[in-house]
Amino acid sequence: MSSLKQKITTKDAPDALPHIFSQAIVANGFVYCSGSIAMHPETLKIVDGDVAAHTHQCISNLSAVLKAAGSSLEHVVKVNVFLASMDDFKNMNSAYENYFGEVKPSRTCVAVKTLPFQTDIEIECVAVLPPTTGKL
Ligand SMILES: CC(=[NH2+])C(=O)[O-]
């Protein structure tokens, strides 16, 4: 493994395919979080509920990964949201608007044909590391 990148792992977020991808990578002062689906960290099953409930779970998972990396939702600078249907846009936003602090990150939202586990939403983000964390 290159010393220029640090793998982040936490049991507080799903790690369903650790041999395929890392939950996050820290490099050059940034935390690159893998796409999070609404999977419960212990059951590794998609939680019950609609896209709003799934949005909350995705962001909870991202929050756990960011915490493990020494960052937080408030330090997120970019979000990509992938929906299986743009019909869910409004409902997703109703959950999403509760997170990421007052200055919202830049964001892209697109609808895609399908998502892993046939779920309805996947969210990925990039955050900055506060200077005091001592990580890469
Ligand atoms: C779920 C996910 N992030 C992936 O790449 O399959």
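Start at 1 with the first residue, then count along the sequence. Order of listing sets the numbers, starting from 1, for every ligand and every atom in it.
Residues Gln57 and Pro41 come closest through the heavy atom pair NE2-CD, 3.7 Å. Across Gly101 and Glu74, no two heavy atoms sit closer than the pair N-OE2, 4.1 Å.
For the pair Gln23 (side chain) and Thr10 (backbone), a donor-acceptor distance under 3.5 Å is present.
Here the heavy atom of the protein found nearest to atom 6 (O) of ligand 1 is Phe21 CE2, 3.6 Å.
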Please report the C-alpha distance between Phe117 and Lys45 in whole Å, then the side-chain angles of each, then the deciding distance to 0.1 Å, and finally whether the side-chain contact (heavy atoms from CB on, under 4.5 Å) criterion is met. CA-CA 9 Å; Phe117 299 91; Lys45 296 206 175 349; over 6 Å; no

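Here Glu122 has side-chain heavy atoms under 4.0 Å from ligand 1, and that is the only part of it that gets that close.
For Gly35, a nitrogen or oxygen atom sits less than 3.5 Å from a nitrogen or oxygen atom of ligand 1, counting backbone and side chain alike.
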